[in-house]
Enquirer: 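Okay, handing you the structure first.
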Amino acid sequence: MTTRLLSLCIIAIASVLSAGAAQPVVANRQTAGNYYAYPYPEKPLPVLTPAPGGYEPYHMEHYGRHGSRWHIGEWVYREPINLLRSAERNGKLTPRGKELLAQMRKIEMDSRGRDGELTQLGAVQHRGIARRMTANFPEIFGADARIDARSTDVVRCILSMDNELQEFKAFNPRLEVTSDGSKSAVCYLNFHDNVAAGKYEAVKKKSLESIAGATRPDYAAFASQLVDDPVFVADSIDAKALFESMFRIAANAQSHYDQVAPYDLFTDSQLHNKWVYDNADWFLRFGNTALTEGAGPMTQRYLLRNWIESADTAVMNARPSANMRFGHEVALLPFVVLLDLDGLGREINDLSRLENEWRNYEIFPMASNIQMIFYRPTGREYTPGDVLVKVLLNEREVTLPATPVDGPYYRWSDLRDLYLSRLGSDGGKLPEQQPYY
């Protein structure tokens, strides 16, 4: 009996240690890039600069990415099981491999029917963001304020929007709120530009070749942690696919409260190198670079046009208001570049510089958001030229491509003119719909 109890204790302790080893530090979780969970309030919240004397906030333009989600595609959760099944049948799994396969089967079962859906954590992220909005800018969401919220037709975006709106209504039940989640808004909330995509694909392989070579891990060594026969690994295991598959699972485990991320399988350098490549790939696709003729950020010209037109309707309106938009990282990331927030729109053609100058996880974690806050003078008549704005990227004040009036505050008329000049020959106007015959 004593021996049996001792054995059970040893197993329990080993399990705890294994789980503890799998918990990643923040730096490793950041290597997940677009899977990185929203960092607040885990990290200290940024301190905001008070408005200039005699000014008050009264309007917000906003774009937010959906919160943490399940992986998109049932294959993501099934792939590691399929890759390890032959080793299991042939008795080739290591103890860690057996443990991992059991974990993957549990996660795959939990994921069924949840393809790409918002997780519980994703909902909590948006509720926290909304609460902090009302705390930071009560003037915008109080009294007789009005909110117009639009979302793409994707469920996780609609639910992200709904969670924020519920918090706004809890703050002020008198709020007038309209909301819509529709394909009709995708043209500016999640526009896909085939021309820009073609330019990216044309240069991707050549441009990322050197980075790929420098960051390529020893896939066989990685697989040996799970499969105990090197010959079997070489003959029967797609070790590269196994590495990529487990990285996807590890990266997105932070979207859940109850998933243990298998980061113990990766070295810090493997995680860092994987991020270096992925970061360069995201930049090449959406950053400002001559390699793609600057096509990436211009994919969001329709969103910028909508942003400016929406602001124009509110700038001289006495009623406090907010125009909220909910979509995806493939829109938010190039929009940040197009707006040139914190200098992220500067042109970079040497991709080796990105590691120190352009970090994707700082831009588009799950639930990432842009808040442009409009301020007007109090107690006197004002003109559009008097209106100031500041921008928060993920709730942190950022610089804008104009001359500031006071700290992070800029004249909206200056920015409006600058952004309109960036919209190109079509002015960012959506093509007119053709009649149906």
Enquirer: Is the closest side-chain heavy-atom distance between Val154 and Asn190 below 4.5 Å?
Expert: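 Result no, sub-4.5 Å side-chain heavy-atom pair not found.
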Enquirer: Are any of the side-chain heavy atoms of Asp278 and Phe247 separated by less than 4.5 Å?
Expert: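 Asp278 vs Phe247: side chains touch.
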Enquirer: Go through Val233 and Ser224 one step at a time and tell me if the side-chain contact (heavy atoms from CB on, under 4.5 Å) criterion holds.
Expert: CA-CA 7 Å; Val233 169; Ser224 69; 5.6 Å; no
Enquirer: Would Glu244 and Lys274 satisfy side-chain contact (heavy atoms from CB on, under 4.5 Å), going step by step from the backbone distance to the final call?
Expert: CA-CA 9 Å; Glu244 297 287 346; Lys274 181 72 168 65; 3.0 Å; yes
Enquirer: Can you list, pair by pair, the side-chain donor-acceptor contacts under 3.5 Å of residues 70-77, counting residues two or more places apart and other chains?
Expert:
residue: His71; atom: NE2; partner: Arg248; partner atom: O; Å: 2.8
residue: Glu74; atom: OE1; partner: Arg78; partner atom: NH2; Å: 3.3
residue: Tyr77; atom: OH; partner: His71; partner atom: N; Å: 3.0

Enquirer: Ignoring hydrogens and angles, state whether a donor on the side chain of Gln125 or Ser68 is under 3.5 Å from an acceptor on the partner side chain.
Expert: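 Side chains of Gln125 and Ser68: pair found under 3.5 Å.
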Enquirer: Taking C-beta and beyond as the side chain, do Met133 and Glu164 meet within less than 4.5 Å on heavy atoms?
Expert: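 Yes, side chains in contact.
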Enquirer: With respect to Tyr375, which candidate in Tyr55, Tyr409, Tyr58 satisfies the ring-ring contact (aromatic ring centres under 6.0 Å, His included) definition?
Expert: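 That would be Tyr409.
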Enquirer: Any luck finding a side-chain donor-acceptor pair between Asp342 and Thr399 under 3.5 Å?
Expert: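 Yes, side-chain donor-acceptor contact under 3.5 Å.
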Enquirer: Within this structure, what is the CG-CD1 distance for the pair Leu226 and Ile237, rounded to the nearest 0.5 Å?
Expert: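 It is 9.0 Å, given to the nearest 0.5 Å.
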Enquirer: Check whether any side-chain N or O of Asn252 sits under 3.5 Å from a backbone N or O of Arg69 as a donor-acceptor pair, and report yes or no.
Expert: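 Looks like yes, one N/O pair under 3.5 Å.
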Enquirer: Any chance you could measure Asp414, atom CG, to Leu400, atom CG, to the nearest 0.5 Å?
Expert: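 Reported to 0.5 Å precision, the distance equals 11.0 Å.
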Enquirer: Does a side-chain N-to-carboxylate-O contact under 4.0 Å join Glu209 and Lys205?
Expert: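 Looking at Glu209 and Lys205, the cut-off is not met.
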Enquirer: Is there a side-chain contact (heavy atoms from CB on, under 4.5 Å) between Phe141 and Lys169 once you walk through the steps?
Expert: CA-CA 9 Å; Phe141 299 97; Lys169 290 290 285 185; over 6 Å; no
Enquirer: Can you tell me if CD on Glu293 sees more than 12 non-hydrogen neighbours from other groups inside 6.0 Å?
Expert: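 No, because the 6.0 Å sphere around CD of Glu293 holds 12 heavy atoms or fewer from other groups.
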Enquirer: So which atom in Asn394 and which in Pro365 form the shortest heavy-atom distance, rounded to 0.1 Å?
Expert: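 In this case the closest contact between Asn394 and Pro365 is ND2-CD, 3.7 Å.
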Enquirer: Identify the residue among Arg65, Lys43, Glu395 that makes a side chain to side chain donor-acceptor pair (under 3.5 Å) with Tyr38.
Expert: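 Between Tyr38 and the candidates, side chain to side chain donor-acceptor pair (under 3.5 Å) is satisfied uniquely by Glu395.
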Enquirer: Just to verify, which of Val336, Leu339, Leu332 counts as forming a side-chain contact (heavy atoms from CB on, under 4.5 Å) with Tyr63?
Expert: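 In the set Val336, Leu339, Leu332, the residue that makes a side-chain contact (heavy atoms from CB on, under 4.5 Å) with Tyr63 is Leu332.
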Enquirer: Does any donor atom in the side chain of Asn194 or His192 lie under 3.5 Å from an acceptor atom in the other side chain?
Expert: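 Checked: Asn194/His192 side chains pair up, N/O donor to acceptor below 3.5 Å.
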Enquirer: Give a yes or no on whether Arg216 atom CZ has more than 12 heavy-atom contacts from other residues, nucleotides or ligands under 6.0 Å away.
Expert: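 No, the 6.0 Å shell around CZ holds no more than 12 heavy atoms from other groups.
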Enquirer: Grab the two heavy atoms, one from Arg29 and one from Tyr263, that are nearest each other, plus how far apart they are.
Expert: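 Nearest pair, atom of Arg29 first, then Tyr263: CA-OH, 4.1 Å.
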Enquirer: Please test Met324 against Met161 for side-chain contact (heavy atoms from CB on, under 4.5 Å), starting from the C-alpha separation and ending with a verdict.
Expert: CA-CA 8 Å; Met324 317 287 292; Met161 174 178 67; over 6 Å; no
Enquirer: Apply salt bridge (Lys or Arg N to Asp or Glu O under 4.0 Å) to Asp312 and list each qualifying residue two or more places apart in sequence or on a separate chain.
Expert: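 Counting only residues at least two positions away or on another chain, Asp312 forms a salt bridge (Lys or Arg N to Asp or Glu O under 4.0 Å) with Arg416.
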Enquirer: If I take atom CG from residue Leu84 and atom CD1 from residue Ile81, how far apart are they, to the nearest 0.5 angstrom?
Expert: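 Nearest 0.5 Å value for the CG-CD1 distance: 9.0 Å.
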Enquirer: Side chains of Asn360 and Asn34: any donor to acceptor distance under 3.5 Å?
Expert: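 Short answer, no.
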Enquirer: Between His126 and Ser160, do the side chains contain an N or O donor and an N or O acceptor separated by less than 3.5 Å?
Expert: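 Their side chains do contain a donor-acceptor pair, which is all the 3.5 Å distance test asks for.
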Enquirer: Check whether the side chains of Asp162 and Gln166 place a donor and an acceptor atom closer than 3.5 Å, and report yes or no.
Expert: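 Distance-only check passes for Asp162 and Gln166.
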Enquirer: Is a side-chain donor or acceptor of Glu355 paired with a backbone partner of Ser352 at a separation under 3.5 angstrom?
Expert: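 No, the answer is negative, given that no donor and acceptor are paired below the 3.5 Å cut-off.
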Enquirer: If you compare all heavy atoms of Asn172 against all heavy atoms of Gly142, which two are closest, and at what distance to 0.1 Å?
Expert: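 Nearest pair, atom of Asn172 first, then Gly142: ND2-C, 3.3 Å.
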Enquirer: Could you tell me whether the side chain of Gln259 reaches within less than 4.5 Å of the side chain of Lys106, counting heavy atoms only?
Expert: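 No - every pair of side-chain heavy atoms lies 4.5 Å or more apart.
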Enquirer: Within the structure provided, determine whether Thr383 and Asp386 are in side-chain contact (heavy-atom separation under 4.5 Å).
Expert: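 A side-chain contact under 4.5 Å exists here.
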Enquirer: Report yes if the side chains of Trp358 and Leu344 come closer than 4.5 Å at any heavy-atom pair, otherwise no.
Expert: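 Side-chain contact under 4.5 Å: yes.
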Enquirer: In plain terms, say whether Arg376 and Glu56 are close enough for a salt bridge, that is, a side-chain N and a carboxylate O under 4.0 Å apart.
Expert: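 Salt bridge: yes.
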Enquirer: Indicate yes or no: at least one non-hydrogen side-chain atom of Tyr36 is less than 4.5 angstrom from one of Val26.
Expert: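 A side-chain contact exists here, since the closest heavy-atom pair is under 4.5 Å.
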Enquirer: Extract all donor-acceptor atom pairs below 3.5 Å that involve side chains of residues 280-288 and protein atoms in other chains or at least two apart in sequence.
Expert:
residue: Asp281; atom: OD1; partner: Tyr200; partner atom: OH; Å: 2.5
residue: Asp281; atom: OD2; partner: Tyr200; partner atom: OH; Å: 3.4
residue: Asn288; atom: ND2; partner: Gly345; partner atom: O; Å: 2.7

Enquirer: Can Arg96 and Glu99 be counted as an ion pair, charged N to O under 4.0 angstrom?
Expert: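 Here Arg96 pairs with Glu99 in a salt bridge, since their nearest N and O are under 4.0 Å apart.
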Enquirer: Less than 3.5 Å apart, any donor N or O on the side chain of Trp307 or Asn323 sitting next to an acceptor on the other?
Expert: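 Distance-only check fails for Trp307 and Asn323.
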Enquirer: Taking CZ in Arg114 as the centre, count heavy atoms belonging to other residues, nucleotides or ligands within less than 6.0 Å. Is the count above 12?
Expert: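 No, CZ of Arg114 has 12 or fewer neighbouring heavy atoms, counting only those of other groups under 6.0 Å.
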Enquirer: Provide the closest heavy-atom pair for Ala311 versus Phe374 in the form atom of the first, atom of the second, distance.
Expert: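 Closest approach of Ala311 to Phe374, heavy atoms only: CB-CZ, 3.7 Å.
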Enquirer: Which pair of non-hydrogen atoms, one from Glu167 and one from Ala130, has the smallest distance, and what is that distance?
Expert: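 For Glu167 versus Ala130, the nearest heavy atoms are CB-CB, 3.6 Å.
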Enquirer: Do the charged groups of Asp148 and Arg150 touch, with an N to O distance under 4.0 Å?
Expert: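 Salt bridge flag = yes for Arg150 with Asp148.
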Enquirer: Taking side chain as C-beta onward, heavy atoms only, is Ile211 less than 4.5 Å from Val276?
Expert: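 A side-chain contact under 4.5 Å exists here.
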Enquirer: Which heavy atom of Ala87 sits nearest to which heavy atom of Val227, and what is that distance?
Expert: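 Where Ala87 meets Val227 most closely, the heavy atoms are CB-CG2, 3.9 Å.
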Enquirer: In Å and rounded to the nearest 0.5 Å, what is the OG to CG distance from Ser413 to Leu388?
Expert: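 Output value for this atom pair is 9.0 Å.
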